[in-house]
Amino acid sequence: MIQVKGYAAPQAKAPLAPFNFERREVGPFDVQIEIQYCGVCHSDIHQVRDEWGGSIFPMVPGHEIVGKVTKVGEKVTKFKPGDLAGVGCLVDSCRTCTSCVQGYEQYCEVHWVGTYNSLEMDMKTPTYGGYSNSIVTDESFVLKISDKLDLKRVAPLLCAGITTYSPLKEWKIGKGHTVAVLGLGGLGHMAVKLAVSMGAEVTVLSTSASKEKDAKELGAHKFVVTKDEEQLKSVTNYFDFIINTVSAQHDLNVYLNLLRLNGTMVLLGVPPEAPMVHAFNLIAKRRRLAGSLIGGIKETQEMLDYCAEHNIMSDVEMISINEINEAYERMIKGDVHYRFVIDMATL
């Protein structure tokens, strides 16, 4: 077994602390990566605090992983030592169900293996994530990273990037579409960058007027303060799509009324309580309420290549691993611009 250093939550709501553990030896199809940077996702907080239920402890979070390949198995064909590589939100799936065969491993009908807080396909072995110095992953779930981009700013693309890219591509959002991005955080700022690059007219919807300057600098064409009734009224029946990134409790009905005929709201955030939706807000304009979950491996690679081509990266704030508990508290307050990334050299 490979000895690994990391940071883990020993139990729900407990502070993260140093944690030593083991990873499997590199098998024939495996790639070992020395982790250089790991992004901090809001879902890390949900899971270490067991807010979604079913958390497995001790838990080593982290699914926005980038680094350098240090070793490959004898049957690996896609990577060699020294390559830049990444691991996102999933590290395995059944690979044979209809979803997997179509490239939608994130919707595996048998069991998809999360990078952390999950069980391997044996349904016994827990997975540990990227708040660590090394990871071993099957090459089929390892991603190629371009050396054109700043590696630390690439890390959040493995979750925030693909989570926003996938629905934009699925609904073929682009030139001629009016798109609202609800919430300007880790997901929202990537949604703005990507939708603008695809040619859409992009409006940021936010409760905070102070975010207007940032929204415009990210490329947004318009900004609406949702607490201002007149501003909100001005975009009633206006948008083709709303990319809803908010994880806090909020009233979906207010925003559904901003969609025009046949408009679609795509949910990316997961509020702690199930939202209530009035049927009339959907049927009156044949509006749609949809959801989207990360992306499959092929689509994630496509996203990384797209970002390399268009020079799109996350805006990040670097932290050391011993600042992680403070970073969680700041994230809850919305005090991050826009994604924390851990420099794993500080481990």
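If you chain together ILVMFWY residues whose side-chain heavy atoms come under 4.5 Å of each other, W52 ends up grouped with V270. Annotation for F280: hydrophobic cluster partners, listed by chain and number, are I283 (ILVMFWY side-chain heavy atoms under 4.5 Å, direct or chained). Here V202 sits in one hydrophobic cluster together with V181, L184, V192, V196, V204, L218, F223, V225, Y338; the rule is ILVMFWY side chains under 4.5 Å apart, joined directly or through other members.
Salt bridge present: K152 and D150 bring a charged side-chain N and a carboxylate O closer than 4.0 Å. Between K144 and E139 there is no salt bridge, since no side-chain N of the basic residue sits under 4.0 Å from a carboxylate O of the acidic one. The pair D83-K78 does not count as a salt bridge, with every side-chain nitrogen at least 4.0 angstrom from each carboxylate oxygen. Remark: K213 engages E217 in a salt bridge, criterion side-chain N to carboxylate O under 4.0 Å.
Side-chain contact, Y7 with N322: no donor N or O sits under 3.5 Å from an acceptor N or O. Side-chain contact, N262 with R286: a donor N or O sits under 3.5 Å from an acceptor N or O.
The shortest side-chain heavy-atom distance between D214 and H337 falls under the 4.5 Å cut-off.
Taking E212 as the reference, K216 meet the salt bridge (charged side-chain N to carboxylate O under 4.0 Å, His left out) condition, with sequence neighbours excluded. In this structure K211 satisfies the salt bridge (charged side-chain N to carboxylate O under 4.0 Å, His left out) test with no other residue, sequence neighbours excluded.
Residue F141 places its CZ atom among more than 12 non-hydrogen atoms of other residues, nucleotides or ligands, all under 6.0 Å distant.
Note on V4 and I56: separate hydrophobic clusters, where clusters join Ile, Leu, Val, Met, Phe, Trp and Tyr whose side-chain heavy atoms are under 4.5 Å apart, directly or indirectly. Follow the hydrophobic side-chain contacts under 4.5 Å out from V142 and you reach V136 in the same cluster. Hydrophobic clustering keeps L293 apart from V246 (ILVMFWY residues linked when any side-chain heavy atoms are closer than 4.5 Å, directly or through intermediates).
Applying the side-chain hydrogen bond (donor to acceptor under 3.5 Å, both in side chains) test to residues at least two apart or on different chains, the pairs with a partner in residues 193-207 are K193-D315, S197-Y306, E201-Y238.
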**Message:** Under the criterion ring pair (Phe, Tyr, Trp, His ring centres under 6.0 Å), I'd like the reasoning laid out for F239 against F241: C-alpha separation, chi angles, the key distance, then a yes or no.
**Reply:** CA-CA 5 Å; F239 299 110; F241 298 94; over 10 Å; no
